[in-house]
Amino acid sequence: MAVIALCSASGSPGVTTTALGLAIAWPRPVLLVEADPVGGSAILAGWFQGAHDHDTGLLDVAFAAEPVAAALDRVAVPIKDGVRFVPGVRSHLEARELGGLWGPLVEVLAGLDATGQDVIIDAGRLGMADSPRFLLERADMTLLVTRTDLPALAAVRSHTDLVVRTRAWKRAGLLVVGPDRPYSGRGASKLLGLPLAGSVAYSPKDAETYHLGAPPRARFHKSGYVRSLAATARTLAAAISLGAAPPGPALPSPSGSPADQAARPGRVPGPAAVWAAAADRRQEQA
């Protein structure tokens, strides 16, 4: 059905935590692959609280004597029924050795559809040395994860411009963590020119269950955070299975979009309004 890659442009919007949360909420069996070149598995240290040794991972797959599919199956760690996890490299130095793995790996991951499994890839931050660009380009859907404050959107902007212009990714989308802080997911989608694929509620305390392996708070499974992960997982799985693109950017609201506000006389436009106006111009010229 699906190979979905998650990445970020800057800062710490929660790519790994979101990837893990989506995998746990995924409606089908799923394999979570940690391809962040920074090294040191955040999932083994967080979710597993260091109780599982980082003694296997992608480097072992790269240098295994057996075929990639067999090695991948051997190193995969169970998280729960139907969810398995392949740890990444132990250090950033090991990431240099993975360049020759991405091609064979992406073919194996795409073939897991025949076994009834989907794949979620944590690709880390864009622009890093030894970033798994090939996985991002070959994934069925590649999602930029971002928060909605201006510094985060400014950092994402340069990458989205490149993605939209070059069409380097097969299907690109935006995944917002913490909508309405201060901008909505639909607003961020319009500003950046990428379709909104989903939104995850902002709840640092609930996120600690995935990020740090903290005990779930009372009513955790009914929290807005968990429900937003489940809703996003269902939406992504359904979109991929139907071959449909994520929903497109929002139309301006009746009260006026930031682009409309930029054009109003007597008003000094802020950065968001300037970006929105530029996005509108790019869409008109396309």
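- One hydrophobic cluster, built from ILVMFWY side chains closer than 4.5 Å, cannot hold both Leu153 and Tyr202; they sit in different ones.
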(Q) Applying side chain to side chain contact (heavy atoms under 4.5 Å, CB included) to Val77 and Ile43, what does each step give before you reach the verdict? (A) CA-CA 11 Å; Val77 179; Ile43 292 175; over 6 Å; no
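- Salt-bridge check for Asp53 with Arg90: failed, with every basic side-chain N at 4.0 Å or more from each acidic carboxylate O.
- Taking both residues in full, the closest heavy atoms of Ala129 and Pro37 are given as O-CB, 3.7 Å, listed atom of the first, atom of the second, then distance.
- Counted within 6.0 Å of NE2 on His159, heavy atoms from surrounding residues, nucleotides or ligands total more than 12; the atom is thus considered enclosed.
- For the pair Cys7 and Ala123, the tightest heavy-atom approach, listed with the atom from each and the gap, is CB-CB, 4.3 Å.
- Not one N or O on the side chain of Ser189 forms a donor-acceptor pair closer than 3.5 Å with the backbone of Gly185.
- A distance of 8.0 Å separates CZ in Phe63 from CG in Leu98, rounded to the nearest 0.5 Å.
- The only member of Val86, Val75, Leu72 that meets side-chain contact (heavy atoms from CB on, under 4.5 Å) when paired with Asp60 is Val75.
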Q: Before giving the answer on side chain to side chain contact (heavy atoms under 4.5 Å, CB included), spell out for Ile4 and Leu22 the whole-Å C-alpha distance, their side-chain angles and the decisive distance to 0.1 Å.
A: CA-CA 11 Å; Ile4 298 177; Leu22 288 175; over 6 Å; no
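- No single ILVMFWY cluster, assembled from side-chain heavy atoms under 4.5 Å apart, contains both Trp47 and Leu212.
- Nearest heavy-atom pair, Pro27 versus Ala237, reported as atom, atom and distance to 0.1 Å: CG-CB, 3.7 Å.
- Summarising the hydrophobic clusters (Ile, Leu, Val, Met, Phe, Trp, Tyr; side-chain heavy atoms under 4.5 Å, direct or chained), the residues clustered with Val38 are Met128.
- For the side-chain contact (heavy atoms from CB on, under 4.5 Å) with Trp169, the qualifying choice from Asp140, Leu144, Leu143 is Leu144, the only one to do so.
- Note on residues 121-138: pairs passing side chain to side chain donor-acceptor pair (under 3.5 Å), not counting sequence neighbours, are Thr16-Asp122, Glu107-Arg138.
- Using a distance-only test at 3.5 Å, with no hydrogens or angles considered, a donor-acceptor pair links the side chain of Thr160 to the main chain of Arg157.
- Note: Leu112 CG to Asp118 CG = 9.0 Å, rounded to the nearest 0.5 Å.
- No more than 12 heavy atoms of other residues, nucleotides or ligands shown are found within 6.0 angstrom of CG on Asp81.
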Q: Could you please spell out the steps behind the side chain to side chain contact (heavy atoms under 4.5 Å, CB included) verdict for Arg217 and Asp206?
A: CA-CA 7 Å; Arg217 300 198 300 171; Asp206 288 323; 3.2 Å; yes
Q. Leu136 and Trp102: side chain to side chain contact (heavy atoms under 4.5 Å, CB included), yes or no, with the steps?
A. CA-CA 10 Å; Leu136 296 171; Trp102 302 135; over 6 Å; no
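- In this structure, the side chain of Ser41 does not engage the main chain of Gly88 through any donor-acceptor pair within 3.5 Å.
- With hydrogens and angles disregarded, no donor-acceptor distance shorter than 3.5 Å links the side chain of Arg84 to the backbone of Leu31.
- Residue Leu32 holds its CG atom at 6.0 Å from CZ of Phe85, rounded to the nearest 0.5 Å.
- In summary, of the residues considered (His52, Glu34, Gln49), a side-chain contact (heavy atoms from CB on, under 4.5 Å) with Leu44 occurs for His52 alone.
- No donor-acceptor pair under 3.5 Å is formed between the side chain of Thr148 and the backbone N or O of Ser184.
- Residue Val156 forms a side-chain contact (heavy atoms from CB on, under 4.5 Å) with just one option from Leu194, Leu191, Thr146, and that option is Thr146.
- One distance of note links CG of Leu105 with CD1 of Ile121; it measures 7.0 Å at 0.5 Å rounding.
- Between the Thr18 side chain and the Val15 main chain, no donor and acceptor come within less than 3.5 Å of each other.
- Linking ILVMFWY residues whenever their side-chain heavy atoms come closer than 4.5 Å, directly or via other members, places Phe134 and Leu58 in the same cluster.
- Hydrophobic clustering of Ile, Leu, Val, Met, Phe, Trp and Tyr side chains at less than 4.5 Å, counting indirect connections, keeps Leu162 apart from Leu6.
- No more than 12 heavy-atom neighbours from other residues, nucleotides or ligands sit within 6.0 angstrom of NZ on Lys205.
- Taking each heavy atom of Ser10 and Ala155 in turn, the nearest pair found is OG-CB, 2.9 Å.
- Counting heavy atoms from C-beta on, the side chains of Ser199 and Ser228 never come closer than 4.5 Å.
- Closest heavy-atom contact between Pro29 and Gly116: CD-O, 3.6 Å.
- Within the 4.5 Å cutoff, side-chain heavy atoms of Asp149 are placed close to those of Pro182.
- For the pair Ser12 and Arg147, the tightest heavy-atom approach, listed with the atom from each and the gap, is O-NH2, 3.3 Å.
- Rounded to the nearest 0.5 angstrom, Glu94 CD and Glu97 CD are separated by 8.5 Å.
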